[in-house]
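Shown next, in C-alpha cells, is the structure this report addresses.
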Amino acid sequence: MTMESSNPTFSFKNYMAQKVNAINQALDAAISLKEPQKLYEAMRYSLLAGGKRVCPILCIAACELVGGTERMAMPAACAVEMIHTMSLIHDDLPCMDNDDLRRGKPTSHKAFGEALAVLAGDALLAMAFEHIAAFTVGVPPARIVRGIGELARCIGAEGVVGGQVFDISSNGISGVSLEHLELIHLGKTAAMVEGIAVLGAILGGGSDEEIEKLRAFARYTGLLYQVVDDILDVTKSSQELGKTAGKDLVADKVTYPKLMGIEKSREFAEKLKEDAQDQLFGFDPEKAAPLLALANYATHRSN
C-alpha cells in the first residue's frame, strides 16, 4: 500500500512549473558574468542549460514537508543544482564517461575545452557551499552548519565520489554482482539524493525521526532513478534523452538491464517506488504530495 493517491487535487505539473520558474530565476541571479569572463560563461552555460531541476525541487519539497518554507530552502536548492551540474560536467569528461551531449547541447568540454570544463565544475562546487552559508535566511546557524556537513559527506568520498570510483573500476569487468552494482549506485546517485533531501529537512527544522525518514525516502528514490536511467539508456534515442543513448553498452558498463533484464528491472523500479513512498506515512498528506509525485515521476519518466 502506498500514499500515491492520497491527494487527488494536487497537480504535480503545476507544482513543477512554479518551482522550476522560481529556481531558474534564483540560479540566474546567483552567477553573474565577471572576470575571468570565460570561466563564468562556462559555469552559466552548464548551470542554465535547462534540465528538470529535480534536485533543487527535492530540497525545497523536503524543507516544506517538515514545516519550512521555499524561501528558507532556495539558496540550498540553488547550491544542490550547482553541485549536480558540477557532477555532470565532470562525469562527461573524456577521462570519465567521455560524452558529447548533455541536456540536448554539447557538453562543457566540447564547448569550452577540457581545462575550463574542469575548472568550471570546481568553481560551481565551491560556490555551492558559499551560497548556502552566505544567503540562507530564517534558519538558525547550527542547522545551516549541520546541513552543510551532511551535504558535503554525501557528495564526497563516502558518497558520490566514492561511487564514481567504484563505477570506473568495474567497467569491462565480467561477473560484477547485483550487490556491487547497488554499491556503485548507492554511492553515485542515491547519496546525492540523500544529501539533498536531508539538507532540506534539516533547514526546515525537521525532527531527527523525520530527517531519517527522508533519508530512507531519498535512498530508495535515488536508486530508483538510476534503475530507470539504465532502462532508458537501452530503450530511448539520444534525441529523446537529450544525452547520448546506448553509451552504457558501448562502454561495457554493468547495468540493471544487463544483470536482470529489462522486465525485471522495471519490476525492481516499481518496488523501489513503493518503498520510497512508504517512508512518507505519518506526514501531512498535502505537504507529502510533491515527494510522492517525485517518486512516481522518477519511475515513469521518459528522459
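On a predicted model such as this, the values are computed, not experimentally measured, just so you know.
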- prompt: Can the positive tip of R301 be found less than 6.0 Å from the middle of the six-membered ring of Y225, inside 45° of the ring normal?
  reply: yes
message = With a sphere of 6.0 Å drawn around CD of E209, does it hold more than 12 non-hydrogen atoms of other residues, nucleotides or ligands?
response = no
Sorted by chain and number, sequence neighbours left out, side chain to side chain donor-acceptor pair (under 3.5 Å) with N24 holds for R53
Mark yes or no for whether R103, through its side chain, and S46, through its backbone, hold a donor-acceptor pair below 3.5 Å. yes
**Message:** Check for me whether K213 meets the cation-pi criterion with F283, that is, NZ or CZ under 6.0 Å from the six-membered ring centre and within 45 degrees of the ring axis.
**Reply:** yes
Scanning both residues in full, the closest heavy-atom pair of V118 with H90 reads O-NE2, 3.2 Å
Check: Linking I/L/V/M/F/W/Y whenever any side-chain heavy atoms sit under 4.5 Å apart, do F135 and I83 land together?
Finding: no
For T189, the side chain to side chain donor-acceptor pair (under 3.5 Å) test, sequence neighbours excluded, returns Q226
Residue set satisfying side chain to side chain donor-acceptor pair (under 3.5 Å) with R44, at least two apart, ordered chain then number -> D28
**Asked** Tell me, do T255 and D233 make a side-chain contact under 4.5 Å, heavy atoms counted?
**Response** no
So the salt bridge (Lys or Arg N to Asp or Glu O under 4.0 Å) pairs with at least one residue in residues 176-186 (sequence neighbours excluded) are none
Original post:
Side chain of T136, backbone of A133: donor and acceptor closer than 3.5 Å?
Top reply: no
Between E210 and S207 (side chain of the first, backbone of the second, donor and acceptor by atom type, cut-off under 3.5 Å), is there such a pair? yes
Open item on the list: Around atom CZ of F268, are there more than 12 heavy atoms from other residues, nucleotides or ligands closer than 6.0 Å?
Closed with: yes
| request: Check for a donor-acceptor pair, side chain of T107 on one end and backbone N or O of D99 on the other, with a separation under 3.5 Å. | output: yes
*May I ask you to establish whether K52 and Y297 are in a cation-pi arrangement, using a distance under 6.0 Å from NZ or CZ to the six-membered ring centre and at most 45° from the ring axis?*
no
The remaining residues in the hydrophobic cluster of I202, counting side-chain heavy-atom contacts under 4.5 Å among Ile, Leu, Val, Met, Phe, Trp and Tyr, are V198, I211
| query | Between the main-chain N or O of D275 and the side-chain N or O of Q279, is there a donor-acceptor pair closer than 3.5 Å? | reply | yes
- Distance only, no hydrogens: is a donor on one side chain within 3.5 Å (strictly under) of an acceptor on the other, for N296 and Q277? no
Those residues at least two apart in sequence (or on a different chain) that pass ring-ring contact (aromatic ring centres under 6.0 Å, His included) with H84 are none
